[in-house]
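Worksheet: one structure, shown below.
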Protein chains: 2
Amino acid sequence: MSVEDRMATIHQPSMHAMCGHDPMESELFRSVLSRIGDKWSVMLVGMLHEGPRRFTELKQMTPGISSRMLTHTLRQLERDGLVEREIFAEIPPRVVYSSTPLGKSLAGPMLAVAEWASDHQAEISANRERYDASAED
Amino acid sequence: MSVEDRMATIHQPSMHAMCGHDPMESELFRSVLSRIGDKWSVMLVGMLHEGPRRFTELKQMTPGISSRMLTHTLRQLERDGLVEREIFAEIPPRVVYSSTPLGKSLAGPMLAVAEWASDHQAEISANRERYDASAED
DNA sequence: CAGGATCCGTGGTGATACTG
DNA sequence: CAGTATCACCACGGATCCTG
C-alpha cells in the first residue's frame with residue numbers, strides 16, 4: 001500500500017459537506033479558492049515558500065508579470081495573511097516579502113495541485129485538441 | 001512523526017522548477033490552474049467525485065449557479081477530460097455527468113486545498129478585517 | 001528600487017427569454 | 001429536462017507614465 005493510498009484512506013473530505021449551503025460560508029469559501037486560483041497567486045506563494053524575496057527578485061522570477069499586478073497580488077496575499085511585507089527605510093528602498101506560517105501551511109496542498117497540473121499538462125493538452133477537433137464539423 | 005510530516009519530506013516539489021520559464025509551458029500550466037481555480041470548477045469536480053450526477057442535481061447542489069454557467073463549466077471540464085458526459089435519448093431527456101480517471105486523480109490534491117480553505121476560513125476572514133481596519137485612516 | 005495613477009480592452013459572469 | 005441565445009456588466013489584467 002503506497003503512502004498516497006494511506007493518505008487517501010485516513011481522511012476523505014467531502015466537498016458537499018465542506019462548501020456548505022450557508023450563503024455567507026460558501027461565499028467566503030469561494031473567495032479563498034478564487035484568490036489562490038487567480039493568475040499569479042499560486043506562483044508567488046510557491047516562490048515565497050522557498051524563501052523571502054525582494055520585489056525585483058519576484059518580478060524577475062515571474063515571467064510576464066507587470067509591476068502593477070505584482071504589487072496588487074502581493075497586497076491581496078498580505079491582506080489574507082499569507083504573505084508578510086517588510087520595509088527597510090533605505091536609499092534605494094528595499095522591501096522584502098516572506099511567507100507567513102499560514103502561507104506555509106497552504107504551500108503543501110497547493111504545490112500538490114500545482115504538481116498535478118504539471119504532471120498532466122500533456123494529457124490535458126491532448127484532450128483539448130481531441131475535443132476541439134471533434135467539435136469542428 | 002505524523003503522516004503529514006512524512007508526506008512533506010518524501011517529495012518537495014519546487015514551484016520555480018515546475019512552472020518553467022518556457023512561455024508555452026508556463027501558459028499551459030497557468031491555464032490548467034485557472035481552470036480549476038475558476039468560480040465553479042472546484043465545487044463541480046468535488047461533487048462528481050462523490051458519484052455521477054444529472055444536470056438538475058448538480059444545479060440544485062450548487063447554490064447560485066445559473067444554467068448557463070453550469071453548462072459552460074461542465075463543457076470546459078469535459079474538454080479537459082476531467083468529466084464525462086452521457087446522454088440518454090429519452091423523453092424527457094436525461095444527461096449524466098461523471099468523473100473520469102483523470103478527474104478522480106485531481107480530486108485528491110484539490111480536496112486537500114479545499115479542506116485547507118475550509119479550515120482557515122475564520123483566520124483569513126479575521127486577517128482581512130484587521131488589514132482593512134488598519135488601512136482606513 | 002518599489003511602487004502609484006490612469007486608461008482601456010477583454011473575458012468571465014449573471015439575467016432573461018426561448019427551445020427540442 | 002437540459003440546455004441555447006442574447007444582452008449587459010464590470011473585475012481582471014496589460015500598457016504607459018509618473019514618483020518618493
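The chains referred to below are lettered A, B, ... by the order of the sequence lines, with proteins before strands, and numbering in each begins at 1.
- When rounded to the nearest whole Å, the span between CG of B:L70 and P of C:dA15 equals 14 Å.
- In this structure, A:S34 contributes its side chain and A:G37 its backbone to no donor-acceptor pair below 3.5 Å.
- Here D:dG3 presents its P atom at 10 Å from CG of B:L58, a figure rounded to the nearest Å.
- Side-chain heavy atoms closer than 4.5 Å link hydrophobic residues (I, L, V, M, F, W, Y) into clusters, and following such links, even through other members, never connects B:F88 to B:L74.
- Put simply, CD on A:Q76 and CE on A:M69 are 8.5 Å apart, with the number rounded to the nearest 0.5 Å.
- Relative to the side chain of B:M69, the nucleotides D:dG3, C:dG14, D:dG14 differ in distance, and C:dG14 lies closest.
- Distance check, rounded to the nearest 0.5 Å: OH of A:Y97 to CG of A:L82 gives 14.0 Å.
- Within the 4.0 angstrom heavy-atom criterion, base atoms lie near B:R68.
- Heavy atoms of B:K39 sit under 4.0 angstrom from primed sugar atoms or phosphate atoms, though from no base atom.
- For A:R54, a side-chain nitrogen or oxygen approaches OP1 or OP2 of C:dA2 to under 4.0 Å.
- The stretch residues 73-93 of chain A touches DNA chain C through A:R75, A:R85, A:P92, A:P93, each having a heavy atom under 4.0 angstrom from the strand.
- The distance from atom CZ of B:R53 to atom C1' of D:dG3 is 20 Å, rounded to the nearest whole Å.
- In this structure, the separation between NE2 on B:H120 and CG on B:N127 is 10.5 Å, given to the nearest 0.5 Å.
- Dashed line: the shortest gap from a side-chain N or O of B:T56 to OP1 or OP2 of D:dA2 is under 4.0 Å.
- For the pair A:D38 CG and C:dT13 P, the computed distance is 13 Å after rounding to whole Å.
- Distance from the side chain of A:V95 is smallest to C:dA2 among C:dG14, D:dG3, C:dA2.
- At whole-Å resolution of the value, CD in B:Q60 and C1' in D:dG3 are 15 Å apart.
- The side chain of A:T71 lies closest to C:dG4, out of D:dC1, D:dG3, C:dG4.
- To the nearest 0.5 Å, atom CZ of residue A:R35 and atom OG1 of residue A:T73 are 9.0 Å apart.
- In this structure, A:K59 places its NZ atom 11 Å from P of C:dA2, rounding to the nearest Å.
- For the pair B:E57 CD and D:dC1 C1', the interatomic distance rounds to 12 Å; values are reported in whole Å.
- What separates CD1 of A:I65 from C1' of D:dG14 is a distance of 11 Å, to the nearest Å.
- Hydrophobic clustering of Ile, Leu, Val, Met, Phe, Trp and Tyr side chains at less than 4.5 Å, counting indirect connections, unites B:I87 with B:L77.
- Backbone-only engagement by B:R94 is indicated by non-hydrogen atom pairs under 4.0 Å involving sugar-phosphate atoms exclusively.
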